[in-house]
> 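Below are the structure tokens for one structure; questions will follow.
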Amino acid sequence: MILFIEQILNGVQIGLLLFLLAAGLTLVFGIMDLVNLAHGSLYMMGAYFAAVLTKLTGSFFLGALLALPAALLLGIVVEVVALRSLYSRDHLDQVLATFGLILFFNEAAQLVFGVAGMTIPLPEALQGQIQIMPGLPYPTYRFVVVAVGLACALSLYWLVVRTRVGMLIRAGASNREMAGALGVNIARLYTLVFGLGAALAALAGLMAAPITTVRVGMGENILILAFVVIVIGGIGSVRGAFVAAFLVGLLDTVGRAFLPDILTLFINPIQAASLAQGLSSMLIYILMALVLVVRPAGLFPAPGR
Amino acid sequence: MAIKPTPTVAVATIVLAGFALLPVYAVLAGDSFVLSLGTRILVMALAAASLNLILGYGGMVSFGHAAYLGVGGYVVGIMAYHGVTSAWVQWPVAILLSAAVALFIGALSLRTRGLYFIMITLAFAQMIYYVGVGLYDYGGDDGLTLNARSDFGGFPSLDDRPQFYYLCFILLVAALYLMKRLVGSRFGQVIRGAKSNDPRMHAIGFPTMRYRLTAFVIAGAVCGLAGVLLANQADFVSPATMHWTRSGDLIVMVVLGGMGSLMGPVYGALTVLALEESLSSLTHYWKIIFGPFLVLVVLFGKGGIAGLIARWERRK
């Protein structure tokens, strides 16, 4: 039971990280109609920025805080230099060009930050554990990740639904010509949305960094997961991304935690461990295939698409 | 059939003749490396040609085509592991299994459109990738080394480099011929019609789903054959063969070479592998050049290499 609660918490945490990544992806797709494979690279660059800035400033908080505007800036540069001219192209061109960007970012990161990868040490304030209930301690840092993720999800909702900028974003999404004709600077709006997505991806990257390590290619596997999330949720729907991120996060952790034990009942432990590793990674894709077969436009299809 | 000596035909002839003569050079110069590189180019060209059938002619952006490379490779690897090395057994099984996998994936995926299709083919490829990771008895994540190459019972012998090379060459030419006939046929017209306007093809009375699915299965089977050759060439197969970036590489080859043109995939495979070889001898970080190059190709190189040749042809 205790193990179960712990795994659920882990699943929630992964779900929130996925949501931060998927939110930017689904916004960019919903509004600009752009498939951005390089979103995982922004996740990776966020983690690298945080690692370097933490080293320079000597403080994780400061490093993380400075990494976000850096990622925002990087996102804006990428949008203006490479992606802007892709909006009117078909999805295949977008996939290809952003695939090229992944190659570029991976090699650039290796060149600039080294092949070895970096670690971000946790500040002491976050190193401890919190006693959730008797016999179940849980790392403080993971709580912080959950809290920050939830706060971001809420403020994103507030931004999109309650503010003027959000209104413009929604207007641009549903009819870009009309919004443009009414005096909205669509180009600037797009750049802003892309930068916002980049910052969210970087936030996910830098929060994941102390738990894993910062290395080249860290963005690729989670990018595919984020794509699965937005496809399950319905492309363009932030609410769908939120629900799907939790589904995927929970399924992934619970599968990873319990499949080996279940399989050990039938085959020997070493084989079970290997099979379970493959099988639990597959679960998510099986879920996605099932969802698409039953509802070809995802769980929460965005209207008008 | 009279063939006009247009630039398109001329370049195709020169490239194919170059491939045909490469072993002669390799033997004379004693350069065995160029022969194994050439074999790899031919095999990847075959895989890219199979993708071109559905991507270029059929407009189905499959982002999981490398899965069949893995299926074909693993059939060879696993059968060799159990002592079955006869190509007459291995190859048909590999091709049939790839076709069956493609039938399953296609039947489910072709119900979706656009980005959803891209993503669901990717998802299925990821599943197969993780099946490879889960094959503990056959190396799991680390992959499986082939005990022996496929055996045709003497001739052609895959252990002999020039013979293996020519086998790949003949298979590629045969596949290209098959594609040419297929695309020109009624079947091919339906596929291409469904690409440009599926509802209209439906309205005329073609059950396009069946046609598209058939094309998808043919592409999977041919790519499975390429997987068989690739595993034999490397003496090794691993989940990395099926990684999603490999599927990306195949798309790159097709688009760079020229979508929906017969020779496009050959040019694409040749360019990508030659660039990889030359740039990586220049710098370890060759992808830092290749990545932006790709972006530029997408932005300015409409129609890829084959398109470039066709434009040159029109100007004359």
Side-chain angles (χ1 to χ4, degrees), chain A residues 29 33 35 37 81-83 85-86 89-108 110-111 115 217 220-221 223-224 227-228 230-232 235 270-290 292-293 296-298 305, chain B residues 55 59 61 63 105 107-109 111-120 122-141 239 243-245 247-249 251-252 254-256 259 283-300 302:
Chain A
F29 186 84
D33 202 16
V35 186
L37 291 186
V81 171
L83 299 181
S85 35
L86 285 172
R89 301 297 194 85
D90 61 14
H91 291 153
L92 178 62
D93 281 354
Q94 297 170 351
V95 164
L96 210 62
T98 51
F99 186 69
L101 285 180
I102 294 184
L103 300 182
F104 173 77
F105 275 115
N106 277 351
E107 301 289 300
Q110 253 180 46
L111 205 63
V115 187
E220 285 170 17
N221 287 333
L223 168 81
I224 301 292
F227 264 112
V228 171
I230 69 168
V231 166
I232 290 178
I235 300 172
I270 304 172
Q271 277 179 334
S274 177
L275 188 66
Q277 189 199 347
L279 210 59
S280 54
S281 308
M282 274 167 71
L283 276 180
I284 297 159
Y285 300 103
I286 294 173
L287 173 71
M288 167 170 158
L290 284 179
L292 281 191
V293 167
R305 192 163 277 286
Chain B
L55 175 65
V61 186
F63 202 168
I105 295 178
L108 293 175
S109 311
R111 295 159 43 96
T112 60
R113 296 280 135 150
L115 183 62
Y116 289 98
F117 181 78
I118 300 180
M119 286 303 141
I120 196 169
L122 174 66
F124 279 117
Q126 288 291 100
M127 281 183 218
I128 296 171
Y129 172 83
Y130 285 115
V131 171
V133 171
L135 290 174
Y136 178 76
D137 287 340
Y138 306 109
D141 218 357
H243 197 252
W244 68 273
T245 50
S247 298
D249 289 344
I251 296 182
V252 169
V254 172
V255 175
L256 182 63
M259 276 197 299
T283 160
H284 175 65
Y285 302 103
W286 66 278
K287 281 181 177 164
I288 209 165
I289 307 169
F290 188 67
F293 169 72
L294 217 52
V295 179
L296 291 178
V297 167
V298 171
L299 289 181
F300 303 110
K302 209 71 193 152

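Lettering of chains follows the sequences in order, A, B, ..., and the numbering in each one begins at 1.
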> Select one option (side chain, backbone, both, neither) describing which atoms of A:L96 are under 4.5 Å from chain B's heavy atoms.
both
> Counting only heavy atoms closer than 4.5 Å, note whether A:I284 contacts chain B via side chain, backbone, both or neither.
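Looking at A:I284, nothing touches chain B.
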> Measure B:F293 against the heavy atoms of chain A and call it side chain, backbone, both or neither at under 4.5 Å.
neither
> How far does CG of B:L122 sit from CE of A:M288, to the nearest 0.5 angstrom?
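So the gap between those two atoms works out to 6.5 Å.
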> Please identify, among A:L37, A:V95, A:D93, the residue contributing the most non-hydrogen atom pairs under 4.5 Å to chain B.
A:D93
> Could you tell me which portion of A:I230 (side chain, backbone, both or neither) has an atom closer than 4.5 angstrom to a non-hydrogen atom of chain B?
neither
> Is any side-chain heavy atom of B:Y130 closer than 4.5 Å to one of A:L283?
no
> Pick from A:I232, A:V231, A:V228: which one makes a side-chain contact (heavy atoms from CB on, under 4.5 Å) with B:M119?
A:V231
> Roughly how far, to the nearest 0.5 Å, is CG of A:L111 from CD1 of B:I288?
5.0 Å
> I need the A:E107 CD to B:F290 CZ distance, nearest 0.5 Å.
11.5 Å
> Of the non-hydrogen atoms in B:F124 and A:A289, which two are nearest, and what is the gap between them?
CZ-CB, 3.7 Å
> By a 4.5 Å heavy-atom criterion (distance strictly below it), what part of B:I128 contacts chain A: side chain, backbone, both, or neither?
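Neither part.
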> Just verifying a value: how many Å separate B:Y116 OH and A:H91 NE2, rounded to the nearest 0.5 Å?
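Here the interatomic distance stands at 10.5 Å.
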> For chain A, find which of B:L294, B:V131, B:I120, B:V298 contributes the most heavy-atom pairs closer than 4.5 angstrom.
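Top option by heavy-atom pairs under 4.5 Å: B:V298.
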> Out of curiosity, B:L115 CG to A:D90 CG, how far, rounded to the nearest 0.5 Å?
12.0 Å
> Report the C-alpha separation of A:F104 and B:K287 in whole Å, then their side-chain angles, then the decisive distance to 0.1 Å, and conclude whether the side chain to side chain contact (heavy atoms under 4.5 Å, CB included) test is met.
CA-CA 6 Å; A:F104 173 77; B:K287 281 181 177 164; over 6 Å; no
> For A:I286, is it the side chain, the backbone, both or neither that has a heavy atom under 4.5 Å from a heavy atom of chain B?
both
> Heavy-atom count around B:Y136 OH within 6.0 Å, excluding the residue itself: above 12?
no
> Where is the tightest heavy-atom contact between B:Y285 and A:Q110, given as atom of each residue plus distance?
CE2-OE1, 3.5 Å
> Between A:V115 and chain B, which part of the residue has a heavy atom less than 4.5 Å away: side chain, backbone, both or neither?
side chain
> Please test A:E220 against B:H243 for side chain to side chain contact (heavy atoms under 4.5 Å, CB included), starting from the C-alpha separation and ending with a verdict.
CA-CA 11 Å; A:E220 285 170 17; B:H243 197 252; 4.2 Å; yes
> Does any heavy atom of chain A fall under 4.5 Å from the side chain of B:W286, the backbone, both, or neither of them?
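Interface part for B:W286: backbone (N, CA, C, O).
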> Could you check which of A:L92, A:I224, A:L292 has the highest count of heavy-atom pairs closer than 4.5 Å to chain B?
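Sorted descending by pairs with chain B, the first entry is A:I224.
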> At a 4.5 Å cut-off on heavy atoms, which part of B:Y129 comes close to chain A: side chain, backbone, both, or neither?
neither
> With A:F99, which of B:D249, B:V295, B:I251 fulfils side-chain contact (heavy atoms from CB on, under 4.5 Å)?
B:D249
> Let me confirm one number: the CD-OG distance from B:Q126 to A:S281, rounded to the nearest 0.5 Å.
9.5 Å
> At a heavy-atom distance under 4.5 Å, which candidate from B:L55, B:T245, B:D141 has the highest pair count against chain A?
B:T245
> Is it the side chain or the backbone of B:V61 that comes within 4.5 Å of chain A heavy atoms, both, or neither?
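Contact with chain A involves the side chain of B:V61 alone.
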